[in-house]
Amino acid sequence: MSEITNPQDAELEEVVLGACLLESKAITLVAGILRPEVFYTETNREIYAALQSMYHAGRVIDIMTIKEKFARRGKLEFIGGLYTLVRISSRVVSSAHLEYHARILKQKYIRRETILGSHKLLALAADETTDIDDTLADAHSLLDRLEKECGTTEHLRSMLQLMEDTIKLIEVRAASNKNGVTGLPTGFTDLDRLTCGWQAGDMIVIAARPAVGKTSFALHLARAAASAGYHIAIFSLEMLGERLGDRWLLAATTNVNPDNVRSGQLTPSEQRQLHEAAAELSRLPIHIDDNPSVSMDYVRSSAKLLQSKGECDGVIIDYLQLCDMKSDRNNRNREQEVAQASRKAKMLAKELNIPVILLSQLNRNVEGRPDSRPSLSDLRESGAIE
């Protein structure tokens with residue numbers, strides 16, 4: 001296999017730098033696209049870092065001011081002196097197509113980072129002393145970073161564009177609402193009236209003390225949304241999928257004794273009811289993952305895969321504090337880990353434009369109150385969930 005070379009274009013780098021040295025408006029066109037590390041050549045990297053520093057400081061940029069800056073720092077000889085600055089400037093006629101050129105450099109940088117990251121992942125994958133979960137976490141981190149690098153001003157919208165997009169969304173709601181519900185139905189009339197359904201892009205936190213009924217409530221939400229035709233993905237970190245199946249079946253039947261289900265001592269009538277309920281529930285568009293060692297990166301990958309098939313309109317995670325934090329191992333304490341996981345859940349909701357329902361534990365403070373009414377400060381292990 002032939003050796004892979006690093007994608008780069010030193011001449012194009014000098015064209016961009018030359019435009020920034022000659023025209024005062026040029027740096028404003030590329031400042032949101034380029035960072036010093038985008039430049040492959042070390043000299044060009046140093047020059048752009050100085051240009052960027054002067055731009056952010058509000059200083060005038062031209063050949064002489066940048067020369068003076070390097071002279072004060074003792075780096076003028078490192079970049080090749082005034083001759084290099086004049087030579088680079090002579091490459092440029094105008095700043096036409098400057099943004100296009102900057103984006104080409106950005107793409108080459110992303111390609112270099114992809115190659116470098118892939119080589120590191122290959123080495124980790126081949127090293128059998130490395131935990132494979134850590135390698136997968138590094139792969140997720142690499143993809144996240146590269147995806148963020150690909151986005152610069154693409155997310156910026158003018159107020160005109162924002163208003164047009166907002167009106168379109170309102171028109172879609174008006175055309176598609178069902179009795180005022182514009183999101184995923186909750187199955188509770190009063191809750192639907194308050195929320196208009198779970199809205200795309202929102203992260204909803206459902207918190208309670210252990211054994212209060214968080215999971216049962218979440219299963220009801222999943223069934224209500226799935227019955228309305230929405231595809232729901234459930235990540236159950238606490239219970240086996242079969243235990244969830246027990247709860248769904250019991251909720252779908254009226255005369256089945258839960259003790260008989262657990263003991264296996266079912267009457268013929270109860271067996272018939274359970275089979276009928278199972279046949280009905282099996283048609284619901286719900287996917288269940290009961291892997292107990294699940295990170296938010298794993299949830300994101302699975303949800304994106306399902307959505308690519310048109311099978312993910314909402315995600316339920318049961319529950320936050322059980323998420324595997326290996327991908328967040330650089331955090332210093334548990335509070336920061338939980339904060340990072342909750343942030344990733346919110347990012348997932350925005351990225352896939354779906355509601356993400358996140359179950360969470362409450363701390364014991366709520367049990368000491370006369371009415372046991374919880375507050376946001378009772379959310380366990382991290383104030384960031386609030």
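Counting from 1, the numbers follow the sequence of the chain as shown. Everything quoted here is computed from the prediction, not taken from an experiment.
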Enter the distance from [X]:[atom1] to [Y]:[atom2] here, rounded to the nearest 0.5 Å.
X      : Y      : atom1 : atom2 : result
Arg111 : Leu146 : CZ    : CG    : 11.5 Å
Ile286 : Glu311 : CD1   : CD    : 13.0 Å
Thr41  : Ile79  : OG1   : CD1   : 13.5 Å
Leu184 : Ile354 : CG    : CD1   : 9.0 Å
Leu17  : Leu22  : CG    : CG    : 11.0 Å
Thr186 : Asp192 : OG1   : CG    : 3.5 Å

Worksheet entry | Salt bridge present between Glu37 and Arg35 (N-O < 4.0 angstrom) | yes

Worksheet item: Ion pair present between Glu13 and Arg45, side-chain N to carboxylate O less than 4.0 angstrom?
Response: no

Decide yes or no for [X] and [Y]: does some side-chain heavy atom of the first lie under 4.5 Å from some side-chain heavy atom of the second?
X      : Y      : result
Ile47  : Ile88  : yes
Ile66  : Leu85  : yes
Phe78  : Glu42  : yes
Met203 : Lys350 : no
Met54  : Leu51  : no
Ser227 : Leu284 : yes
Leu305 : Ser308 : yes

Worksheet item: Taking only residues two or more places apart in sequence, or in another chain, which ones meet Phe188 in a ring pair (Phe, Tyr, Trp, His ring centres under 6.0 Å)?
Response: Phe217, His220

Worksheet item: What residues, two or more places apart in sequence or in another chain, satisfy ring pair (Phe, Tyr, Trp, His ring centres under 6.0 Å) together with Phe39?
Response: Tyr48

Fill in: Working for side chain to side chain contact (heavy atoms under 4.5 Å, CB included), residues Ile104 and Asp9
CA-CA 9 Å; Ile104 292 176; Asp9 191 333; 5.9 Å; no

Worksheet item: side chain to side chain donor-acceptor pair (under 3.5 Å): which pairs involve residues 65-77, sequence neighbours left out?
Response: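 Sorted pair list: Glu46-Lys75, Asp62-Thr65.
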
Item to complete: Scan for side chain to side chain donor-acceptor pair (under 3.5 Å) pairs involving residues 51-60, sequence neighbours excluded, and state none if there are none.
Response: none

Looking at every heavy atom in both [X] and [Y], which two are closest together, and how far apart are they?
X      : Y      : answer
Ile204 : Pro355 : CD1-CB, 4.1 Å
Arg283 : Ala279 : NH1-O, 3.4 Å
Ile33  : Lys106 : O-NZ, 3.4 Å
Ala125 : Thr135 : N-CG2, 4.2 Å
Ala226 : Pro285 : O-CD, 3.5 Å
Val299 : Phe235 : CG1-CE1, 3.7 Å

Worksheet item: How would you list all residue pairs meeting ring pair (Phe, Tyr, Trp, His ring centres under 6.0 Å) that involve residues 252-278, not counting sequence neighbours?
Response: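 Every pair satisfying ring pair (Phe, Tyr, Trp, His ring centres under 6.0 Å) with a residue in residues 252-278: there are none.
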
Fill in: Pairs flagged by ring pair (Phe, Tyr, Trp, His ring centres under 6.0 Å) wherever residues 344-364 is involved - sequence neighbours left out
none

Would you check if the side chain of [X] reaches a backbone N or O of [Y] as a donor-acceptor pair within less than 3.5 Å?
X      : Y      : answer
Glu270 : Thr267 : yes
Lys304 : Glu351 : no
Arg112 : Pro7   : yes

Worksheet item: What residues, two or more places apart in sequence or in another chain, satisfy side chain to side chain donor-acceptor pair (under 3.5 Å) together with Asn179?
Response: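 In terms of side chain to side chain donor-acceptor pair (under 3.5 Å), with neighbours along the sequence ignored, Asn179 is linked to no residue.
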
Worksheet item: How would you list, by chain and number, every residue that makes a side chain to side chain donor-acceptor pair (under 3.5 Å) with Asp127, sequence neighbours excluded?
Response: Thr129, Thr130

Given the rule that I, L, V, M, F, W and Y join up when any side-chain heavy atoms are under 4.5 Å apart, are [X] and [Y] in one cluster?
X      : Y      : value
Tyr40  : Val38  : no
Leu116 : Leu142 : no
Leu306 : Trp198 : no
Val60  : Ile27  : no
Leu122 : Leu143 : no

Identify, with sequence neighbours excluded, every residue that meets side chain to side chain contact (heavy atoms under 4.5 Å, CB included) alongside [X].
X      : value
Ala303 : Cys312, Val315, Leu348, Leu352
Lys178 : none
Leu219 : Thr215, Ile234, Leu244, Arg247, Trp248
Thr166 : Leu162, Met163, Ile170

Worksheet entry | Derivation of the side chain to side chain contact (heavy atoms under 4.5 Å, CB included) call for Thr195 and Asp202 | CA-CA 11 Å; Thr195 63; Asp202 283 353; over 6 Å; no

Fill in: Ile317/Leu359 under side chain to side chain contact (heavy atoms under 4.5 Å, CB included): CA gap, chis, key distance, verdict
CA-CA 6 Å; Ile317 303 171; Leu359 274 57; over 6 Å; no

Worksheet entry | Pair Cys20-Ile61, side chain to side chain contact (heavy atoms under 4.5 Å, CB included): steps then yes or no | CA-CA 8 Å; Cys20 292; Ile61 295 176; 5.7 Å; no

